[in-house]
Amino acid sequence: MKITSARVIVTCPGRNFVTLKIETDEGLTGVGDATLNGRELAVASYLTDHVIPCLIGRDPHRIEDTWQYLYRGAYWRRGPVTMSAIAAVDTALWDIKAKAAGLPLYQMLGGRSRDGALVYPHANGADIEETVDRVGDFLAKGFKAVRAQCGIPGIATTYGVAHGSKFYEPATKGLPEEQIWSTERYLDFVPKLFARLREVYGFGPHFLHDVHHRLTPIEAARLGKSLEPYRLFWMEDPSPAENQEAFRLIRQHTVTPIAVGEVFNSIHDCRELIQNQLIDYIRTTVVHAGGITHLRRIADLASLYQVRTGSHGATDLSPICMGAALHFDVWVPNFGIQEYMIHAPVTDEVFPHAYTFQDGYMFPGEVPGHGVDIDERLAAEYPYDPAYLPVCRLEDGTLWNW
Ligand SMILES: O=C(O)C(=O)C[C@H](O)[C@H](O)CO
Ligand SMILES: [Mg+2]
């Protein structure tokens, strides 16, 4: 089999997505997600201008060789743009290989380790009682794990909480929105949210929380310690993780489990965190971490240290990433949980998919490939609409981590 053509499709059904479609001389096609929120066109250009010309004529079955060709061959290794572009090629090639075999992708990885993937959605509210209600809505729908984020008294906006009645979506039109942050108010407030959630729902459901990189290591240690009575499933991204060694300090002070990795794109970003057992869950995902081929390498390293997976699954990762991630999740031996932020109906229409949700778990479906496609005619009705992630400042104006 040979790759005869490949193209990038940029579309905005509710939000922007970048998709790579690869076609072969045997009529089989594969699709991969290449979306990098707020920097979409950089990946689109990387693929169109630099990667696609190298794909034509290659054997789509040679996934590992193509991965190495694009990684080593670029000379400029790693980085979110490069690794998202490689991920898109890798995902599309796994899709083609599984379709050629007539099997769902998880069978190509080694078959099922479990029936379905435990998932968590996002519940958020302007205040504690609204957040408690939103958590209750998800529990009533059968979810067994829920992430809870809440407006903080005295701060106009905070990460993960919707403006007004709109569903939470981080990217906004125009130039980046500037938000104000107060660590002191946050640290005092968050334990009250989880105290109330445990009071209302008991210790049956799993609760998760995303700190979104906003604390210093010692502040993160304090938060982890103060949340211990509420037994969180995890505390996510408590501090920026470029300095992997910093997590030793957090770890020394708290037994609240730690999840990190949605902004990582390579095994080298998390090697020390994993090998030193400084985290409990690694959150790298298909689209930003080099596709199935590289994610498998990360998960295998993690498995040696009892670190489990908890892949990023926000709505800025397309349903193609979600589908591929679910095949990975039902196979990977050291699976922990999968984020499932739930796409808008218009996104689901553009990306028809085989995956389903039932009773707190998701199932990748049994169709050959990863089971997600793109309706190109419909996609063309939603042209690219530039949007940025917000930036964050402390109350004195200092630029901070959003
Ligand atoms: O889903 C999460 O855990 C996130 O932190 C979502 C990120 O803010 C989002 O993907 C940024 O594009
Ligand atoms: Mg996060």
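In listed order, ligands and their atoms are each counted from 1. Since the structure is predicted, the reported quantities are computational estimates derived from the model, not experimental observations.
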Exercise for the section: Say whether Met341 and ligand 1 are in contact under the criterion: heavy-atom distance to a ligand atom below 4.0 Å. Expected result: no

Exercise for the section: Look at Asp237 and state whether any of its N, O or S atoms is less than 2.8 Å from the Mg ion (ligand 2). Expected result: no

Problem - Test: Asp300 and Arg297 ion pair at under 4.0 Å - result: no

Completion exercise
ligand 1 atoms nearer than 4.0 angstrom to some heavy atom of His312 are 1 (O), 2 (C), 4 (C), 6 (C), 10 (O)

Fill in the blank from the handout: What one should report as the nearest heavy-atom pair of Pro170 and Trp402 is CB-CH2, 3.5 Å

Problem - Atoms in ligand 1 with a heavy atom of Arg147 nearer than 4.0 Å - result: 1 (O), 2 (C), 3 (O)

Problem - Candidate with minimal heavy-atom separation from atom 3 (O) of ligand 1, of Arg15, His212, Glu236, Glu169 - result: Glu236

Handout entry: Heteroatom of Asp210 nearest to the Mg ion (ligand 2) (N, O or S, atom name)
Key = OD2

Problem - salt_bridge(Arg147, Asp210) N-O dist < 4.0 Å - result: yes

Problem - Polar contact flag for Trp402 and ligand 1 (N/O pairs, less than 3.5 Å) - result: no

Exercise for the section: For Asp210, counting its heavy atoms only, list the atoms of ligand 1 lying under 4.0 Å from any of them. Expected result: 2 (C), 3 (O), 4 (C), 5 (O)

Completion exercise
Separation between CG (Leu304) and CD1 (Ile274), nearest 0.5 Å, reads 9.5 Å

Problem - Heavy-atom pair of closest approach, residues Ala379 and Thr11 - result: O-OG1, 2.9 Å

Exercise for the section: May I ask you to check if ligand 1 and Asp316 share an N or O to N or O distance below 3.5 Å? Expected result: yes

Problem - Sidechain N-carboxylate O distance under 4.0 Å for Arg185, Glu395 - result: yes

Problem - Protein contact to atom 4 (C) of ligand 1 [nearest heavy atom, distance to 0.1 Å] - result: Tyr159 OH, 3.0 Å

Exercise for the section: Return the name of the atom in Glu236, of element N, O or S, nearest to the Mg ion (ligand 2). Expected result: OE2

Completion exercise
For the Mg ion (ligand 2), the nearest N/O/S atom on Glu262 is atom OE1

Practice task
For atom 5 (O) of ligand 1, find the nearest protein heavy atom and state the residue, atom name and distance (0.1 Å precision).
Solution key: Glu262 OE2, 2.7 Å

Practice task
Only heavy atoms count here, so choose which of Gln149, Glu339, Arg283 is nearest to atom 1 (O) of ligand 1.
Solution key: Glu339

Completion exercise
Here the pair of heavy atoms bringing Ile250 nearest to Pro238 is CD1-CG, 4.1 Å

Exercise for the section: Verify whether one side chain among Tyr230 and Arg198 offers a donor that lies under 3.5 Å from an acceptor in the other. Expected result: no

Problem - Distance-only donor-acceptor check, side chains Glu339 and His122, under 3.5 Å - result: yes

Completion exercise
So the atoms of ligand 1 within less than 4.0 Å of a heavy atom of His122 turn out to be 1 (O)

Problem - No-hydrogen, no-angle side-chain donor-acceptor test under 3.5 Å, Glu366 and Tyr106 - result: yes

Handout entry: Ala314 neighbourhood, listing ligand 1 atoms whose heavy-atom distance to it stays under 4.0 Å
Key = 1 (O), 6 (C), 10 (O)

